[in-house]
Participant: 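Quick one: this structure, given as structure tokens, is what I'll be asking you about.
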There are 2 protein chains.
Amino acid sequence: METRREQIYNTAGTLFSRRGYAATSVRDIAGELDLQGGSLYAHIKSKEDVLWAIISRAAEQFLAAARPLAASDAAATVRLRGMIHAHIAVVTGRIEQATVFLQDWRYLSSPRREQIGALRDEYEGLYRTTIAAGVARGEFAPTDPKLAATMVLSAINGVHAWYRPAGPLSPDEIAERFADMLLNGLKVEGRRSKVEDPTSGRGGADGD
Amino acid sequence: METRREQIYNTAGTLFSRRGYAATSVRDIAGELDLQGGSLYAHIKSKEDVLWAIISRAAEQFLAAARPLAASDAAATVRLRGMIHAHIAVVTGRIEQATVFLQDWRYLSSPRREQIGALRDEYEGLYRTTIAAGVARGEFAPTDPKLAATMVLSAINGVHAWYRPAGPLSPDEIAERFADMLLNGLKVEGRRSKVEDPTSGRGGADGD
DNA sequence: CCTACCGATCGGTAGG
DNA sequence: CCTACCGATCGGTAGG
């Protein structure tokens with residue numbers, strides 16, 4: 001039993017994720033539901049309220065999934081792996097809402113945009129803190145936690161752009177491979193000290 | 001000596017990168033140049049032509065920077081590092097155009113959108129091929145080159161969203177750290193042989 | 001490059 | 001939830 005308003009949110013999520021908020025009209029949304037444009041306003045207050053409903057819920061889902069993992073007393077490696085799995089689960093589980101959250105939050109007007117910005121900062125902080133703890137414990141190599149958190153989040157946010165439920169990898173399989181690559185790196189030798197690469201004839205130790 | 005048309009492209013790049021293509025009007029662009037809206041059409045044919053000029057140039061810059069690096073006979077590790085540096089140099093050197101390229105290409109209409117899609121595929125292919133070569137040579141751990149290329153590109157594309165020229169890190173410093181993290185991973189131990197990883201409950205994992 | 005304008009569409013409302 | 005409408009704005013053009 002889905003209320004009309006929830007139907008509007010879902011339809012808008014689909015259209016916003018495809019065309020973007022600015023390029024989607026209220027008549028587009030109404031048309032998908034076989035309504036006249038003005039009829040939407042019996043259920044919603046404004047187009048931006050619909051965007052807000054989608055984005056604020058998505059933000060809370062990301063945070064609700066990550067907070068307990070970040071706060072657990074497991075090893076940082078385990079926590080970070082769990083957070084990557086949780087993030088990709090949210091992205092793939094509600095891909096349209098997640099896409100709108102990631103791509104259209106700048107269209108919120110002023111008090112709301114800053115609210116979402118604060119939630120994004122909090123979320124990134126969970127990653128930063130977890131990585132910093134891993135560095136402090138010697139689990140992670142010395143690295144800038146802020147830069148590392150930004151990179152990890154960029155990598156896993158990208159999933160929304162290409163994931164298809166019919167694809168060959170499940171969300172957990174994607175998360176496992178992403179976590180492997182992010183934690184262990186691509187290179188066989190891994191990191192320990194910055195020794196030179198023996199397969200390189202051109203002096204790889206000298207960063208460019 | 002910048003032609004009026006180039007001024008229009010630059011101004012549009014700034015506005016499109018900030019507000020998005022769909023939410024930027026031709027009158028917004030004209031206003032920044034102290035022109036009337038209709039006056040733009042003495043220099044351009046359509047709003048979409050402006051978008052196309054920005055995006056097609058950006059796509060060519062990314063490709064022109066990466067092609068010779070991908071084709072070199074250096075070690076895959078060296079090639080991939082070089083490609084990451086080149087990519088971040090393009091993103092940071094023309095950040096507005098790069099942002100428009102990354103965020104607004106879906107607003108191109110049909111023949112052009114597919115053209116850009118093909119260039120994006122070619123570009124991703126350079127990363128995929130380089131990573132696959134690294135795996136074949138034993139430089140990289142066994143991994144799905146397609147997934148790895150997608151992840152690396154997502155990570156380095158994210159730079160456009162937060163890079164500021166006044167920030168503490170130069171583009172090359174950012175690239176060096178990103179390459180370190182992507183190639184060597186976050187963990188101190190690094191990867192050696194996947195089958196012996198005690199933190200993974202799922203063995204196997206080759207074969208796709 | 002401006003003035004003046006075109007038809008179309010926008011988000012939203014009144015009154016039923 | 002519909003009909004009918006509001007003022008504003010959209011991309012673009014004619015004619016100078």
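As the structure is a prediction and not an experimental result, all values here were calculated from the model. So you know, we letter chains A, B, ... as the sequences are listed, proteins then strands, and number each from 1.
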Participant: In whole Å, I'd like the distance from the CG atom of A:D28 to the C1' atom of C:dT9.
Facilitator: 11 Å
Participant: Does A:R67 CZ have over 12 foreign heavy atoms under 6.0 Å away?
Facilitator: yes
Participant: Take the protein atom CG of B:L15 and the nucleotide atom P of D:dC10, then report the distance between them rounded to whole Å.
Facilitator: 12 Å
Participant: Distance check needed: C:dC1 C1' versus B:R4 CZ, whole Å only.
Facilitator: 9 Å
Participant: Is it the case that atom CZ in A:R5 sees more than 12 heavy atoms from other parts of the structure closer than 6.0 Å?
Facilitator: no
Participant: Taking 4.0 angstrom as the limit, do B:D121 and B:R128 come out as a salt bridge?
Facilitator: no
Participant: Any protein N or O atoms within reach of nucleotides 12-16 of chain D? Criterion: under 3.5 Å, listing atom names and distances.
Facilitator:
unit_1	atom_1	unit_2	atom_2	d
D:dG12	OP2	B:Y41	OH	2.6
D:dG12	OP2	B:K47	N	2.7
D:dG12	O5'	B:Y41	OH	3.4
D:dG12	O6	B:R27	NH2	3.1

Participant: What nucleotide among D:dC1, C:dC1, D:dC10 has an atom nearest to a side-chain atom of B:S25?
Facilitator: D:dC10
Participant: Both distances below 3.5 Å, Watson-Crick or wobble geometry, any strand: find the nucleotide opposite D:dT3.
Facilitator: C:dA14
Participant: Mind calculating the distance between CG (A:D34) and P (D:dC1) to the nearest angstrom?
Facilitator: 11 Å
Participant: In whole angstrom, what separates A:I8's CD1 from C:dG11's P?
Facilitator: 14 Å
Participant: Distance check needed: D:dC1 P versus A:I29 CD1, whole Å only.
Facilitator: 15 Å
Participant: Taking atom C1' of C:dG11 as reference, at what distance in whole Å does atom CD of A:Q36 sit?
Facilitator: 15 Å
Participant: Less than 4.5 Å apart, any side-chain heavy atom of A:I156 and any of A:V91?
Facilitator: no
Participant: What's the shortest heavy-atom distance between B:T130 and B:A70, and which atoms?
Facilitator: OG1-CB, 4.0 Å
Participant: Given A:M151 and B:L182, is the side-chain contact (heavy atoms from CB on, under 4.5 Å) satisfied, shown in steps?
Facilitator: CA-CA 9 Å; A:M151 195 203 70; B:L182 291 167; 3.8 Å; yes
Participant: Without decimals, in angstroms, what is the distance between A:L33 CG and D:dC1 P?
Facilitator: 9 Å
